[in-house]
Amino acid sequence: MTSSGYYDENADAFIAQTVSADMSALYARFLEHIPVGGSILDAGSGSGRDAAWFRAAGYEVEAFDASLAMVEATRRHARVPVYHMEFEEFRSPRTYDGIWACASLLHVRRAELGGVIRRLLQALNAGGCLYCSFKHGDAERRVEERYFNYMDEARLRAVVEQAPGRMLDIWITGDVRPGRSGEKWLNALIQRR
């Protein structure tokens with residue numbers, strides 16, 4: 001089963017675990033780099049939680065996800081244009097002020113991550129910003145039938161340098177979901193170079 005297949009099969013449980021997570025601290029850091037009312041692509045939109053929040057805050061939002069169940073959840077929850085697409089297929093006919101890839105790029109295989117980040121950066125307007133997050137560490141794992149690409153600071157910096165991107169900020173946070181406070185996440189804000 002692919003990672004997207006896992007989300008199709010476990011959509012209700014995944015949405016219940018994530019849709020109410022408080023992401024406000026991460027939104028604030030990302031939006032410092034996005035013009036008020038600007039365009040945002042939610043790349044790997046999951047339940048639609050973030051797309052809905054950005055739309056309610058007055059941003060122009062589009063989204064995509066590799067899971068058909070998550071595409072439908074985003075459509076219902078966020079009421080934004082949403083597309084069914086894998087990161088590896090991503091080619092954008094337009095550009096955005098910001099791209100939000102929260103806990104989604106971690107399903108992209110290491111060998112393909114640089115190319116995916118390069119294409120995301122190419123879809124940014126001048127001065128635009130990509131936010132991404134990964135489980136913190138340096139490993140590739142299969143967990144509950146999903147592939148995870150854990151990242152540490154050095155590995156992510158090397159990928160971004162090759163993209164080519166400019167690291168604006170990189171930091172570690174705890175998981176905001178109940179019962180997950182021991183899990184650490186690597187967060188990054190990246191500009192196109």
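- Closest approach of Ala69 and Asp8 over heavy atoms only: N-OD1, 2.9 Å.
- Between Glu112 and Arg109 no salt bridge is recorded (no basic side-chain N to carboxylate O distance below 4.0 Å).
- Side-chain contact, Tyr6 with Glu144: a donor N or O sits under 3.5 Å from an acceptor N or O.
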Decide side-chain contact (heavy atoms from CB on, under 4.5 Å) for His107 and Phe87; before the verdict, give the C-alpha distance in whole Å, the side-chain angles of both, and the deciding distance to 0.1 Å.
CA-CA 9 Å; His107 294 308; Phe87 273 108; over 6 Å; no

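- Among all heavy-atom pairs drawn from Gly165 and Leu121, the shortest one is CA-CD1, 3.7 Å.
- Results of the ring-ring contact (aromatic ring centres under 6.0 Å, His included) test with Trp100 over Phe30, Phe64, Tyr59 single out Phe30 as the only residue that passes.
- Inspection of the Arg155 and Tyr150 side chains reveals no N or O donor paired with an N or O acceptor under 3.5 Å.
- Looking only at atom types and distance, the side chain of Glu153 has a donor-acceptor partner in the side chain of His136 under 3.5 Å away.
- With Tyr96 as the aromatic partner, Arg94 meets the cation-pi criteria of under 6.0 angstrom to the ring centre and within 45 degrees of the ring axis.
- A continuous path of hydrophobic side-chain contacts links Val143 to Leu105 [ILVMFWY only; heavy atoms under 4.5 Å].
- Taking all atoms of both residues into account, the shortest heavy-atom contact from Ile190 to Met167 is CG1-SD, 4.0 Å.
- One finds a salt bridge joining Asp138 and Arg110 here, because a Lys/Arg side-chain nitrogen approaches an Asp/Glu carboxylate oxygen to under 4.0 Å.
- Counted by atom type alone, Thr173 and Asn187 present one or more donor-acceptor pairs between their side chains at under 3.5 Å.
- Looking at Asp65 and Ser67, their side chains never bring a donor and an acceptor atom within 3.5 Å of each other.
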Going through the distances and angles, do Val80 and Asp42 end up as a side-chain contact (heavy atoms from CB on, under 4.5 Å)?
CA-CA 10 Å; Val80 300; Asp42 188 350; over 6 Å; no

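- Residue Asn149 holds its CG atom at 4.0 Å from CE of Met151, rounded to the nearest 0.5 Å.
- If you run salt bridge (charged side-chain N to carboxylate O under 4.0 Å, His left out) between Glu161 and each of Arg118, Arg193, Arg166, only Arg193 comes through.
- To the nearest 0.5 Å, atom CG of residue Leu189 and atom CG of residue Leu26 are 9.0 Å apart.
- For Phe148 against Lys135, the heavy-atom pair with the smallest separation is CE2-CE, 3.6 Å.
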What verdict does the side-chain contact (heavy atoms from CB on, under 4.5 Å) test give for Asp50 and Val61, after you've listed the backbone C-alpha separation in whole Å, the side-chain angles of each residue and the deciding distance to 0.1 Å?
CA-CA 10 Å; Asp50 304 326; Val61 182; over 6 Å; no

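- The hydrophobic clustering, which links ILVMFWY residues whose side-chain heavy atoms are closer than 4.5 Å, places Leu68 and Met70 apart.
- Cation-pi geometry between Arg29 and Tyr131 is not met: the NZ or CZ atom fails to fall both under 6.0 Å from the ring centre and inside 45° of the normal.
- Of all heavy-atom pairs between Gly114 and Val159, the closest is CA-CG1, 3.9 Å.
- Annotation for His77 and Ala52: closest pair CD2-CB, 3.6 Å, computed over non-hydrogen atoms.
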